[in-house]
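Below is one structure, written out as structure tokens; the observations come after it.
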Amino acid sequence: QVQLVESGGGSVQAGGSLRLSCTASGYTYRRDCMAWIRQAPGKEREGVADIYFGVGGDSTYYVDSVKGRFTITIDRAKNTLYLEMNSLKPEDTAMYYCAAQGRCSVRAGTTPTYNYWGRGTQVTVSS
């Protein structure tokens with residue numbers, strides 16, 4: 001059974017930075033996608049960043065609104081997925097979820113649909 005637990009959310013001012021962490025248990029990093037997805041109040045879930053664990057290496061994908069500001073990385077030794085967020089904007093305010101096992105939604109341009117989800121961590125950016 002895969003379990004995902006997010007941490008690292010908080011409140012920051014615009015222009016600030018946060019690093020989100022997602023600790024995974026029972027997960028195999030092979031030919032699969034992990035992702036960060038966010039949901040703002042009154043809005044649908046939006047894929048923010050994907051990382052695909054391919055045979056030849058990892059590939060990352062970002063939604064246009066966060067390119068150049070957010071970075072998704074994996075530390076296999078710690079079983080932890082990260083999302084480094086810089087130059088944060090008020091429109092980044094949302095609940096951020098870690099997800100695994102599914103089609104990379106940002107790469108595919110599809111609605112995030114994964115088999116496993118964490119409970120989320122809140123990010124609030126004030127102007």
Side-chain angles (χ1 to χ4, degrees):
Q1 181 72 15
V2 175
Q3 291 188 329
L4 305 172
V5 180
E6 303 97 333
S7 62
S11 297
V12 297
Q13 291 191 329
S17 298
L18 283 173
R19 187 176 77 160
L20 306 183
S21 301
C22 172
T23 301
S25 59
Y27 184 69
T28 301
Y29 304 96
R30 183 182 302 172
R31 291 187 178 181
D32 192 28
C33 193
M34 288 189 79
W36 288 98
I37 295 103
R38 66 186 178 188
Q39 187 168 23
K43 295 188 176 181
E44 294 185 351
R45 286 182 174 178
E46 174 190 38
V48 175
D50 301 336
I51 182 166
Y52 179 75
F53 307 117
V55 174
D58 302 337
S59 301
T60 57
Y61 307 89
Y62 300 92
V63 69
D64 285 347
S65 60
V66 307
K67 283 181 180 177
R69 300 189 298 123
F70 290 12
T71 304
I72 186 171
T73 58
I74 184 71
D75 185 332
R76 287 173 170 80
K78 296 182 178 180
N79 288 320
T80 302
L81 181 75
Y82 298 101
L83 185 67
E84 186 75 34
M85 305 186 295
N86 299 312
S87 302
L88 282 161
K89 304 176 181 180
E91 51 264 42
D92 294 319
T93 295
M95 183 70 78
Y96 283 72
Y97 299 90
C98 170
Q101 197 176 91
R103 189 182 186 188
C104 285
S105 61
V106 174
R107 180 176 70 172
T110 57
T111 300
T113 304
Y114 295 91
N115 288 332
Y116 300 103
W117 293 76
R119 292 188 175 184
T121 186
Q122 178 68 38
V123 172
T124 303
V125 184
S126 59
S127 58

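All heavy atoms count here, side chains included; hydrogens, waters and symmetry mates do not. All of these numbers come straight from a predicted model, not from anything done at the bench.
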Would you say Phe70 and Val48 make side-chain contact, with heavy atoms under 4.5 Å? yes
Tyr114 side chain near Ser105 side chain, heavy-atom distance below 4.5 Å: yes
Output yes when a side-chain donor or acceptor of Asp50 lies under 3.5 Å from a complementary backbone atom of Tyr61, and no otherwise. no
Heavy-atom distance under 4.5 Å between the side chains of Met34 and Tyr52, does that happen here? no
Short question: side chain of Tyr96, backbone of Ser7 - any donor-acceptor pair under 3.5 Å? no
If you take all heavy atoms of Ile37 and Ala99, which pair is closest and at what distance? CD1-CB, 3.6 Å
Any side-chain heavy atom of Asp75 sitting closer than 4.5 Å to one from Tyr82? yes
Using 0.5 Å steps for rounding, measure from the CD atom of Gln122 to the CD atom of Gln39. 10.5 Å
Using side-chain heavy atoms (C-beta onward) and a distance below 4.5 Å, is Ile51 in contact with Arg107? no
Lys NZ or Arg CZ of Arg38 over Tyr97 ring: under 6.0 Å, within 45°: no
On a heavy-atom basis, which atom in Gly120 and which in Met95 lie closest, and how many Å separate them? C-SD, 3.7 Å
Residues Val12 and Leu88: closest non-hydrogen pair is CG2-CD1, 3.6 Å
Is Asp64 salt-bridged to Lys67, going by a charged N under 4.0 Å from an acidic O? yes
Are Trp36 and Cys98 side-chain neighbours, meaning at least one heavy-atom pair lies under 4.5 Å? yes
Are Arg119 and Leu4 packed together at the side-chain level, in the sense that at least one heavy-atom pair is separated by less than 4.5 angstrom? no
Compare all side-chain heavy atoms of Met85 with those of Val66 and state whether any distance is below 4.5 angstrom. no
Identify each donor-acceptor pair in which a side-chain atom of residues 14-30 lies under 3.5 Å from a protein atom, sequence neighbours left out, and give them as a table.
{"residue": "Ser17", "atom": "OG", "partner": "Asn86", "partner atom": "OD1", "Å": "2.8"}
{"residue": "Tyr27", "atom": "OH", "partner": "Asp32", "partner atom": "OD2", "Å": "2.6"}

I'd like to know if the side chain of Thr93 and the backbone of Thr124 have a donor-acceptor N/O pair within less than 3.5 Å. no
Locate the shortest heavy-atom distance separating Glu46 from Ser65; write the atom from each residue and the value. OE2-OG, 4.2 Å
Could you tell me which non-hydrogen atom of Cys33 sits nearest to which non-hydrogen atom of Gly102, and how far apart they are? CB-O, 3.4 Å
